[in-house]
2 protein chains.
Amino acid sequence: MKIDPNSPDDLSAQIATALREAIVDGSLLVDARLPSEAELAAQFNVSRPTVREALKRLAAQSLIRTQRGAAGGAFVNRLSYDEARAAQVTTSTLLLSMNQISFDTALEARYALERACAPLAAQHRSADQLADLRAEIHRQTQPGLTDEAFCASDTAFHRTLVEAASNPVLSWHLAGAIEAMQPLMNVITFTARSREVIVQHHTDIANALEARDASAVLASLDALETYTGDLGDKVFAARAR
Amino acid sequence: MKIDPNSPDDLSAQIATALREAIVDGSLLVDARLPSEAELAAQFNVSRPTVREALKRLAAQSLIRTQRGAAGGAFVNRLSYDEARAAQVTTSTLLLSMNQISFDTALEARYALERACAPLAAQHRSADQLADLRAEIHRQTQPGLTDEAFCASDTAFHRTLVEAASNPVLSWHLAGAIEAMQPLMNVITFTARSREVIVQHHTDIANALEARDASAVLASLDALETYTGDLGDKVFAARAR
DNA sequence: CGGCTTTAATTGTCTGACAAATGAAAATCG
DNA sequence: CGATTTTCATTTGTCAGACAATTAAAGCCG
């Protein structure tokens, strides 16, 4: 772990990189305690504020956690799925908003990913997950439901579908992707969407999962994608006018 | 944007969150210049080192870039696909290594995701991309190729396949996911893999893409997954002994 | 007008200090 | 002796002030 004062990078960035590599390659195991800030400063031959900036960089990526007090310090953090998803959602949301992704592109990506889990979901879905899906559908039929609540239930439905695949790695990738695209989807929802049609597609999906019929799940997802895509075209055509 | 000195969170974390929200919700547009560190310190009523820690947190997520000098400062960064992918790979790699994901789970997720882009790739693949795939296959048949070079070519092949879908959002999600799983895949590669079999599957995929035959692409991917899965079982069975 | 110098603004880094939290050791008391 | 309280050392969190390095713009000169 060496630091070059003449590098174009900041010292704090170099130190953060050195520590990050030690964590990624396993030199620093989960829950291991890093040297104290004063010790790190001495090791790298920099001041404590510089070390602190490096540690804050790692903390921003949830790679470490810090604790004050006698037995305190910085500890290697076990990255949880929730933290990882939160990070992914932030990144993904910004990527979508900053690069002018069209609704069509986002929709295509979203359903391509969701189709990826359909066969596994049909195979592995539990009775509980099926019940959860039915419960969300029921909620979506309630009269007097606000648009916000309908959207939340819609998201929950798709998230349960993703989790029915019973693959945590897959769930992590898909949940983050779908969650990040939700705001874009809501643009449509709040203006033009017919709840009856959506609920019908959701019911089809739930039925297909109950029958463990993967191709029927895929067909229902295709229908939902087509419907949403047509709505999107209408909304954006109306806007352009 | 208010800061609570009695919050359980650090001041720098609160400031980072406030600024991050301003970026995400669009109050701070791409390339906008943030106030100088001294101004931020005055606004939030904290010291400059505290502001700097907050800014380093944002820099760690590639949300801002900083520049020294007279017209310098911190600027909202346009998140590029490359930066986003690098961040995703780091997160994803750690998630896999820290949560003891089994080879089977990773393999299942990886091929589920790759299948997601197969129909789109068959539809949208360009002649150039097809040529790239053929070139990688040719490289993989060269005698005297090191294991490292073979793995690199394998990764390039799959990455080109993903990019053939011509959907940047999808490519971003998939490329990050596949890249992060590569080390796990290499465990297999370096011990038991037959290059001839792999090359044959790659050739099948390229042929199917040339014919724009989505179901043939899916079938070839399935075959490759099955082959890799069987190899994995053997390797881990041998290890357990 | 073009090139050079100066200047002001801004980030990067350092030093030294104090506050706050916290666990462990020491002291005290029943 | 045992339990409780107190003290203390360690460590992170925050602050103030300073100087160095960088850089764009303003000013100056030929």
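Since the structure is predicted, the reported quantities are computational estimates derived from the model, not experimental observations. Letters A, B, ... mirror the listed sequences (proteins, then strands); counts begin at 1.
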task: Could you state the atom-to-atom distance from CZ of A:Arg52 to P of D:dG13 in whole Å?
output: 5 Å

message: For B:Ala149, give me all partners under side-chain contact (heavy atoms from CB on, under 4.5 Å), at least two apart in sequence or on another chain.
response: B:Leu145, B:Thr146

message: Under a 3.5 Å threshold, yes or no: a donor from one side chain and an acceptor from the other, between B:Thr160 and B:Gln129?
response: no

message: If we count only N and O atoms by modelled type, under 3.5 Å, do the side chains of A:Ser102 and A:Thr105 hold a donor and an acceptor together?
response: yes

- prompt: Between atom CZ in A:Arg48 and atom P in D:dA16, what is the gap in whole Å?
  reply: 16 Å

query: Starting at CZ of B:Phe75 and ending at P of D:dA24, how long is that distance when rounded to a whole Å?
result: 10 Å

query: Taking CZ from B:Phe44 and C1' from D:dC15, how many angstroms apart are they, rounded to a whole number?
result: 17 Å

query: Pairs in or reaching into residues 84-94 of chain B: which pass salt bridge (charged side-chain N to carboxylate O under 4.0 Å, His left out), with residues at least two apart or in two chains?
result: B:Asp82-B:Arg85

statement: Side-chain contact check for A:Thr66: nearest option of D:dA24, D:dT14, D:dG13 is D:dG13

- prompt: How do A:Asp9 and A:Gly72 order along DNA chain C: which one's closest nucleotide is nearer the 5' end?
  reply: A:Asp9

Among D:dT14, D:dT10, D:dA24, the one nearest A:Ala70 by side-chain distance: D:dT10

task: Map B:Ala38 and A:Thr50 onto DNA chain C by nearest heavy atom, then report which one ends up closer to the 5' terminus.
output: B:Ala38

task: Using whole Å, report how far CZ of B:Arg68 lies from P of D:dA24.
output: 12 Å

- request: Pick base, sugar-phosphate or nothing for A:Arg65, based on heavy-atom distances below 4.0 Å to the nucleic acid.
  value: nothing

query: Between D:dT14 atom P and B:Glu53 atom CD, what is the distance in whole Å?
result: 7 Å

Pairs touching residues 89-105 of chain A that satisfy salt bridge (charged side-chain N to carboxylate O under 4.0 Å, His left out), sequence neighbours left out: none

statement: Applying side-chain hydrogen bond (donor to acceptor under 3.5 Å, both in side chains) to A:Gln61 and not counting sequence neighbours gives A:Arg20

query: Do any pairs count as a ring-ring contact (aromatic ring centres under 6.0 Å, His included) and have a residue in residues 91-110 of chain A, sequence neighbours left out, and if so which ones?
result: A:Phe103-A:Phe236

message: Reading DNA chain C in the 5' to 3' direction, which nucleotide is the first one with an atom under 4.0 Å from a heavy atom of chain A, and which is the last?
response: C:dG12 to C:dG23

